Amino acid sequence: MADLDKGRAVYLLNRILEAELAGVVRYTHYSLLVFGHNRIPIVSWMREQAAESLTHAQQAGEMITLLGEYPSLTIGPLLDSYQHDVEAMMRESLENEAKALALYRELLRCAEGHSVIIEEYARQMVYAEELHASEVDKMLRKPGKVAAFRPEENLPGNRI
Ligand SMILES: [Fe+2]
């Protein structure tokens with residue numbers, strides 16, 4: 001097995017760590033701005049996503065220290081769009097999740113054939129993030145519509 005490009009892997013892992021930490025803040029922020037009769041399940045779903053992002057950030061950090069490197073203390077970009085209806089928040093979340101997913105895919109390409117542990121980790125995360133994106137996509141569909149909200153980006157297998 002050829003050597004892993006550790007510098008590249010750690011760079012990607014740090015960007016993942018930062019993106020996931022931004023997700024914690026973003027979902028927490030969204031969860032504070034949900035009003036109306038569907039508030040309770042949506043708030044709890046958003047807080048679950050915040051907790052999941054924190055777990056993902058911690059997993060990325062553990063991979064960085066596993067490689068003997070230093071984890072970033074920075075957090076990914078956060079932009080307040082001041083759009084607070086649930087659909088706008090979901091669309092924004094899908095865009096941000098797509099960026100994180102792209103980083104996990106890049107990490108998978110970087111590790112493939114070079115490091116079983118990083119490859120396996122990245123593959124599991126691509127799976128988890130794709131599943132998550134598909135869930136958000138389904139939430140963005142109008143009741144009765146089966147077609148994907150963003151079919152070109154969300155159909156599995158056309159990005160890797
Ligand atoms: Fe994540």
Side-chain angles (χ1 to χ4, degrees), residues 4-6 8-34 41-67 69-81 83-84 86-112 114-141 148-160:
L4 172 73
D5 181 349
K6 196 170 96 169
R8 175 91 185 128
V10 170
Y11 169 83
L12 291 167
L13 282 162
N14 268 318
R15 300 297 80 74
I16 288 167
L17 169 59
E18 292 164 5
E20 295 287 10
L21 285 176
V24 177
V25 177
R26 188 176 303 105
Y27 279 115
T28 302
H29 177 73
Y30 291 157
S31 78
L32 298 169
L33 293 163
V34 179
I42 294 172
V43 166
S44 86
W45 182 82
M46 283 174 170
R47 293 198 177 148
E48 275 168 33
Q49 302 318 304
E52 196 179 284
S53 272
L54 180 58
T55 304
H56 290 175
Q58 289 162 345
Q59 287 170 328
E62 291 293 349
M63 287 294 146
I64 295 165
T65 54
L66 177 146
L67 292 169
E69 295 295 329
Y70 192 75
S72 166
L73 189 61
T74 309
I75 158 165
L78 284 163
L79 195 72
D80 197 340
S81 65
Q83 293 196 63
H84 300 135
V86 172
E87 192 164 325
M89 290 191 257
M90 293 286 186
R91 264 188 264 114
E92 217 171 74
S93 131
L94 203 53
E95 275 167 34
N96 287 296
E97 298 284 352
K99 288 178 196 157
L101 185 53
L103 289 168
Y104 282 116
R105 284 213 177 87
E106 252 183 274
L107 181 66
L108 178 58
R109 273 192 290 271
C110 167
E112 253 171 345
H114 303 295
S115 160
V116 171
I117 187 164
I118 305 292
E119 181 181 340
E120 203 55 34
Y121 157 77
R123 195 177 298 280
Q124 279 174 29
M125 294 313 296
V126 168
Y127 170 80
E129 298 290 351
E130 279 219 31
L131 208 59
H132 174 76
S134 78
E135 199 53 54
V136 177
D137 188 280
K138 287 178 188 179
M139 290 163 91
L140 281 164
R141 294 178 202 174
F149 175 73
R150 296 201 317 193
E152 73 288 353
E153 287 168 52
N154 285 298
L155 289 176
N158 58 357
R159 282 164 296 184
I160 201 162

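In this chain, residues are counted from 1 in sequence order. Whatever order the structure lists ligands and atoms in, that order sets their numbers, starting from 1. All of these numbers come straight from a predicted model, not from anything done at the bench.
- Counting backbone and side-chain atoms alike, Glu97 contributes no N/O/S atom closer than 2.8 Å to the Fe ion (ligand 1).
- Tyr30 and Ser93 form no side-chain donor-acceptor contact under 3.5 Å, judged by distance and modelled atom types alone.
- Between Glu95 and Arg91 there is no salt bridge, since no side-chain N of the basic residue sits under 4.0 Å from a carboxylate O of the acidic one.
- The Fe ion (ligand 1) has no N, O or S atom of Glu52 closer than 2.8 Å.
- Between Arg105 and Glu130 there is a salt bridge, with a side-chain nitrogen of the basic residue lying less than 4.0 Å from a carboxylate oxygen of the acidic one.
- Among the atoms of His132, none of the N, O or S atoms falls under 2.8 Å from the Fe ion (ligand 1).
- Closest approach between the Fe ion (ligand 1) and any N/O/S atom of Glu129 involves OE2.
- Glu106 has a carboxylate O that lies under 4.0 Å from a charged side-chain N of Arg8, or vice versa, which qualifies the two as a salt bridge.
- Ion pairing between Arg123 and Glu119 holds under the 4.0 Å rule for side-chain N and carboxylate O.
- The angle that Glu20 OE1 and His56 ND1 make at the Fe ion (ligand 1), rounded to 10°, works out to 110°.
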